[in-house]
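A quick write-up on the structure given underneath.
Start at 1 and go down the list; that is how both ligands and their atoms are numbered.
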Amino acid sequence: MKSKFILITTTVIAIISIILSKKVFFGPPHIVGSYDKLHSCEVIQVPGGFGPESIAFDPNGDGPYTGVADGRILKWQGLDIGWTEFAVTTSQRKECVRPFAPEMEHICGRPLGLRFDKKTGDLYIADAYFGFQVVGPAGGLATQLVTEAEGQLFRFTNDLDIDEDDGVIYFTDTSTSFQRRQFMSSILSGDKTGRLLKYNKSSKEVTVLSQDIAFANGVALSKDRTFVLVAETTTGRILRFWLQGPDTGKFDVFAELPGFPDNIRRTSNGDFWVALHAKKGLSGKILSNPWCGKTMLKLPLSFRQLHSMLVGGKPHATAIKLSEKGEVLEVLEDSEGKTLRFISEVEEKDGKLWMGSVMVPFIGICNF
Ligand SMILES: *[C@@H]1O[C@H](CO)[C@@H](O)[C@H](O)[C@H]1NC(C)=O
């Protein structure tokens with residue numbers, strides 16, 4: 001028994017050393033048909049802020065607005081004025097002074113997915129720690145709408161999309177076991193407690209549509225409102241939940257992607273941009289096996305080391321456009337990571353692509 005343990009431990013340590021020393025060899029494969037052009041994008045810095053994850057424009061087309069790691073939601077007012085504070089998700093913010101302090105997130109809030117209701121101008125917010133919230137067009141302190149579903153508190157609210165005609169909002173709670181700052185533990189342990197939920201604006205009721213998603217992340221409704229997509233980050237899949245038609249209430253796999261999908265945003269003609277947090281290389285595939293992942297979590301490795309093993313290769317942005325049938329239409333990369341790395345959202349507006357990232361202090365704007 002003991003010798004078996006030593007053998008396994010040695011093997012695992014050997015694998016780690018190889019992965020750490022030969023990052024390039026274990027880096028993710030090239031995606032056929034991909035264009036390496038995201039390095040030519042511009043960036044807008046977020047001074048004093050970090051990790052602008054989601055990007056949303058208000059019904060007048062102003063902004064964008066974005067949520068940063070210290071809990072603020074900022075509004076971009078153009079080059080002369082820059083970013084101004086628009087909203088917060090909690091009032092106890094005296095100690096929220098550092099741009100990036102994961103240990104403070106449960107006090108300061110961590111706004112992730114943002115979407116404006118085009119009819120009312122209200123901004124809906126998925127805050128990783130303070131649940132599902134809304135703030136009026138003038139901003140300020142957001143109001144918590146719901147904090148639990150079927151007796152289970154939200155633990156890691158992540159993204160949302162609004163069906164304005166039906167008055168319902170679809171949103172994700174990534175895990176019932178892990179909080180945002182433990183996202184790597186959720187992925188490595190193979191946690192499958194992510195939920196897709198539906199909030200009815202008039203009855204104020206929440207319904208659980210699914211509760212066994214492996215890291216439920218980005219959400220996007222189809223243009224014809226027949227289905228809603230959910231990014232299942234751990235498995236690299238985009239799941240489709242049917243809202244209408246013969247398969248109503250059922251899930252199927254909409255697309256399988258070569259990496260870890262984050263947010264999904266629909267384009268004006270009904271396609272979807274999916275931001276990959278990173279591509280999945282061999283090391284990521286090995287670690288996605290829960291046994292390997294759980295073993296890795298027990299070893300004395302830093303967050304940075306674990307993350308670099310999980311994503312493998314050089315950190316670089318990858319954006320994938322899918323048709324409304326789930327076919328890959330376009331893949332854009334910054335394969336050397338010169339300008340953009342670890343993107344979390346791609347929002348198309350007036351022919352430009354706006355990119356958020358949870359891991360850097362700026363957003364990207366790409367005009368091709
Ligand atoms: C939302 O709730 C209202 C009031 O209970 C109900 O009439 C309506 O059908 C619900 N909408 C949806 C889309 O479930």
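Remark: Arg240 is positioned above the aromatic ring of Phe227, its terminal NZ or CZ atom under 6.0 angstrom from the ring centre and at most 45 degrees off the axis. A cation-pi geometry, defined here as NZ or CZ lying under 6.0 Å from the six-membered ring centre and within 45° of its normal, does not hold between Lys250 and Phe241.
Taking every non-hydrogen atom of Ser202 and a distance limit under 4.0 Å, the qualifying atoms of ligand 1 come out as 1 (C), 2 (O), 3 (C), 4 (C). Less than 4.0 angstrom separates some heavy atom of Lys198 from each of these atoms of ligand 1: 14 (O).
Of the protein's non-hydrogen atoms, Ser203 CB, 3.5 Å is the one closest to atom 5 (O) of ligand 1.
Taking the six-membered ring for Trp and the full ring otherwise, Tyr199 and Phe132 have centroids separated by under 6.0 Å.
Taking only non-hydrogen atoms, the option from Asp166, Asn200, Val168 nearest to atom 10 (C) of ligand 1 is Asn200.
For atom 7 (O) of ligand 1, the protein comes within 4.0 Å by no heavy atom at all.
Taking a cutoff of 4.0 Å between a charged side-chain nitrogen and a carboxylate oxygen, Arg155 and Asp173 do not qualify as a salt bridge.
Each of Phe57, Tyr124, Phe116, Trp83 was checked for a ring pair (Phe, Tyr, Trp, His ring centres under 6.0 Å) with Tyr65, and the lone residue meeting it is Phe116.
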